Amino acid sequence: MPADTDELQVWIDQDLCTGDGLCVQYAPEVFELDIDGLAYVKDNSGELLQNPGVRTHVPTNLVLEVIDSAKECPGDCIHVVRTTDDVEIAGPDAA
């Protein structure tokens, strides 16, 4: 599989989340603010995933939006990783 089509996963470190909601503006299909004011990822059925460190698949049509949200996040708390080798391609631990 070519590197540019690797499947991606995303997760949010709620300890660092500032609740700005920028990620929700970029990709509301993937991110959602909960009642606690923090952002969480959603699974492909729209269910909020609230366990710490839980990951969700990044839909192919939203890859750029999810990567942009990680780059623009004021809390630097969104992690986008390749499923194949767990390398972070966007977020605070990206090379």
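Since this is a predicted model, take the numbers as computed values, not measurements.
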Rounding to 0.5 Å, atoms NZ (Lys71) and CG (Leu64) come to a distance of 9.0 Å
**Prompt:** Do you reckon Val54 sits in the same ILVMFWY cluster as Val80, going by side-chain contacts under 4.5 Å, direct or chained?
**Reply:** yes
Going only through I, L, V, M, F, W and Y residues with side-chain contacts under 4.5 Å, is there a path from Trp11 to Leu8? no
Between Thr18 (side chain only) and Pro74 (backbone N and O only), is there a donor and an acceptor less than 3.5 Å apart?
no
* **Stepwise side chain to side chain contact (heavy atoms under 4.5 Å, CB included) test for Val63 and Glu65** => CA-CA 6 Å; Val63 166; Glu65 289 84 349; over 6 Å; no
Worksheet item: Please walk me through it: do Thr56 and Val10 pass side chain to side chain contact (heavy atoms under 4.5 Å, CB included)?
Response: CA-CA 6 Å; Thr56 194; Val10 61; 3.7 Å; yes
Interatomic distance, SG@Cys73 vs CD1@Ile12, rounded to 0.5 Å, equals 7.5 Å
Sequence neighbours excluded, the answer for salt bridge (charged side-chain N to carboxylate O under 4.0 Å, His left out) partners of Lys42 is Glu32
Rounding to 0.5 Å, atoms CG (Asp20) and CD (Gln25) come to a distance of 9.0 Å
Across all chains, not counting sequence neighbours, the side chain to side chain contact (heavy atoms under 4.5 Å, CB included) partners of Ser45 are Asp43, Glu47
Shared hydrophobic cluster for Val24 and Ile67 (ILVMFWY, side-chain gaps under 4.5 Å): yes
Tell me whether Leu49 is reachable from Val81 by hopping between hydrophobic residues (I, L, V, M, F, W, Y) whose side-chain heavy atoms are closer than 4.5 Å.
no
Test item: Asn44 and Pro59 side chains (from C-beta on) under 4.5 Å apart, heavy atoms: no
In terms of heavy-atom contacts, Leu38 and Cys17 come closest through CD2-O, 3.6 Å
Please answer: with hydrophobic residues joined when any side-chain heavy atoms are less than 4.5 Å apart, are Ile78 and Leu62 in the same cluster?
yes
inquiry  = Using side-chain heavy atoms (C-beta onward) and a distance below 4.5 Å, is Thr84 in contact with Glu7?
reply    = no
Beyond-backbone contact of Arg55 with Val41, side-chain heavy atoms, under 4.5 angstrom: no
task = Under the side chain to side chain contact (heavy atoms under 4.5 Å, CB included) rule, what do Asp13 and His79 come out as? Steps first, then yes or no, please.
result = CA-CA 8 Å; Asp13 183 344; His79 301 265; 4.1 Å; yes
Heavy-atom nearest pair, Val66 first then Ala27, reads CG2-CB, 4.2 Å
Note to self: Is there a side chain to side chain contact (heavy atoms under 4.5 Å, CB included) between Tyr40 and Leu33? Walk through the geometry before answering.
What the structure shows: CA-CA 6 Å; Tyr40 293 85; Leu33 289 176; over 6 Å; no
Nearest heavy-atom approach of Phe31 to Ser69 is CE1-OG, 3.3 Å
Flag the pair Asp85 and Arg82 as a salt bridge only when some basic side-chain nitrogen lies within less than 4.0 angstrom of an acidic carboxylate oxygen. yes
Looking only at heavy atoms, the pair that brings Ala70 and Asp76 closest together is O-OD1, 4.4 Å
